[in-house]
S.K.: 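Okay, handing you the structure first.
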Amino acid sequence: DSEAEVGLLWMEEFARRLEQRHYEINPSLFNTTEDGTSFGLLSLFPTVRSPLSSRKVTRGIEVVASSLAAVEILTVTYSIRIRLLSQGEEGYLSPDQRGFETCQLKSRHWEFFNDSTNTVDRVSGD
């Protein structure tokens, strides 16, 4: 059955990516059950260590971008993670060096290249 084969291939690829640490437990996604047991949720967006994500550091700010194909709903979803680097991390700048204490995304313009259609999708806005 081809549906079962596709499902098995997906599981094999998912297991391979888990082994290679493409995914991680997201510390902001912890839950607690009624009995007080805490557990973390797995973020399916690739980590910084993954070749499936892009990372850029500018003026002490790290931006990590990754996308996922949501084939069951025929779309692509994306994640853009932005943070100030901490002291000791490569690319860190002190507030005096970077010229500000905090940062906030005020507008965006992302471009996504679609290999299968050879097109660029754009997302812009405030």
Side-chain angles (χ1 to χ4, degrees):
D1 169 72
S2 65
E3 250 183 64
E5 289 174 16
V6 168
L8 182 57
L9 288 172
W10 183 90
M11 288 297 285
E12 288 173 350
E13 178 63 15
F14 181 69
R16 184 188 69 77
R17 290 180 181 187
L18 283 173
E19 287 175 347
Q20 294 179 353
R21 299 190 56 164
H22 287 273
Y23 310 119
E24 63 188 16
I25 300 295
N26 186 327
S28 64
L29 297 177
F30 272 87
N31 282 326
T32 305
T33 62
E34 288 180 14
D35 68 0
T37 305
S38 290
F39 60 94
L41 299 177
L42 184 66
S43 172
L44 293 180
F45 286 104
T47 66
V48 174
R49 294 180 296 277
S50 171
L52 302 174
S53 65
S54 299
R55 176 182 184 265
K56 180 71 177 166
V57 174
T58 304
R59 294 180 58 196
I61 300 171
E62 176 188 70
V63 178
V64 177
S66 55
S67 63
L68 297 170
V71 294
E72 61 279 354
I73 57 174
L74 302 173
T75 192
V76 173
T77 184
Y78 67 93
S79 169
I80 307 292
R81 292 158 293 202
I82 302 169
R83 71 182 184 100
L84 288 172
L85 294 174
S86 299
Q87 192 169 2
E89 292 183 290
E90 184 179 343
Y92 169 78
L93 296 176
S94 71
D96 288 337
Q97 291 171 309
R98 65 178 176 251
F100 48 87
E101 290 279 333
T102 63
C103 66
Q104 179 179 350
L105 182 67
K106 291 189 175 190
S107 66
R108 64 196 165 130
H109 180 81
W110 316 129
E111 293 187 1
F112 302 94
F113 182 75
N114 185 329
D115 282 332
S116 62
T117 62
N118 206 27
T119 61
V120 176
D121 296 321
R122 291 176 177 82
V123 176
S124 296
D126 295 333

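All values below were derived from every heavy atom in this structure, side-chain atoms included, with hydrogens, water molecules and symmetry-related copies excluded. This one's a predicted model, so the numbers in the text were calculated from it and none came from an experiment.
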S.K.: Could you tell me which non-hydrogen atom of E101 sits nearest to which non-hydrogen atom of L84, and how far apart they are?
M.R.: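 The answer is O-CD1, 3.4 Å.
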S.K.: Tell me if the CD atom of E111 is crowded by more than 12 foreign heavy atoms within 6.0 Å.
M.R.: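 Atom CD in E111 is packed in, count exceeds 12.
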S.K.: I'd like to check F113 versus T119 (side-chain heavy atoms, cut-off strictly below 4.5 Å). Are they in contact?
M.R.: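 The answer is no, as the side chains (C-beta and beyond) never meet within the 4.5 Å cut-off.
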S.K.: Considering all heavy atoms of both residues, which atom of L93 and which atom of R98 are nearest to each other, and what is their separation?
M.R.: O-NH1, 2.6 Å
S.K.: Hey, any chance I82 and F100 share a hydrophobic cluster, counting ILVMFWY side chains that come within less than 4.5 Å of each other, even indirectly?
M.R.: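 Yes, it is one cluster - the side chains of I82 and F100 are joined through contacts under 4.5 Å.
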S.K.: Look at the side-chain heavy atoms of Ile, Leu, Val, Met, Phe, Trp and Tyr, link any pair under 4.5 Å apart, and say whether V57 and I80 land in one connected group.
M.R.: no
S.K.: Residues in side chain to side chain donor-acceptor pair (under 3.5 Å) with T58, at least two apart?
M.R.: none
S.K.: Just wondering, more than 12 heavy atoms not from E13 lying within 6.0 Å of its CD?
M.R.: yes
S.K.: Among side-chain atoms of T33 and D35, is any donor-acceptor pair under 3.5 angstrom?
M.R.: yes
S.K.: Output the distance between atom SG (C103) and atom CZ (R59), rounded to the nearest 0.5 Å.
M.R.: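 One gets 10.0 Å once the value is rounded to the nearest 0.5 Å.
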S.K.: Are V123 and V63 connected in the hydrophobic side-chain network, where two residues link if heavy atoms are under 4.5 Å apart?
M.R.: yes
S.K.: Taking all atoms of both residues into account, what is the closest heavy-atom pair of R122 and H109, and its distance?
M.R.: CD-CE1, 4.0 Å
S.K.: For residues 78-87, pull every pair meeting side-chain hydrogen bond (donor to acceptor under 3.5 Å, both in side chains), keeping only residues two or more places apart or in separate chains.
M.R.: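 Found E62-R83, S66-R81, Y78-R108, R83-E89.
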S.K.: Write down the atom of Y92, the atom of S94, and the distance for their closest heavy-atom approach.
M.R.: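 Heavy-atom minimum between the residues: OH-CA, 3.5 Å.
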S.K.: For Q104, check side chain to side chain donor-acceptor pair (under 3.5 Å) against everything at least two apart and list the hits.
M.R.: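 Side chain to side chain donor-acceptor pair (under 3.5 Å) check on Q104 returns nothing, list empty.
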S.K.: Going only through I, L, V, M, F, W and Y residues with side-chain contacts under 4.5 Å, is there a path from L105 to I61?
M.R.: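 Same cluster: L105 reaches I61 through Ile, Leu, Val, Met, Phe, Trp or Tyr contacts under 4.5 Å.
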S.K.: So how far is it from K56 NZ to S54 OG, rounded to the nearest 0.5 Å?
M.R.: 11.0 Å
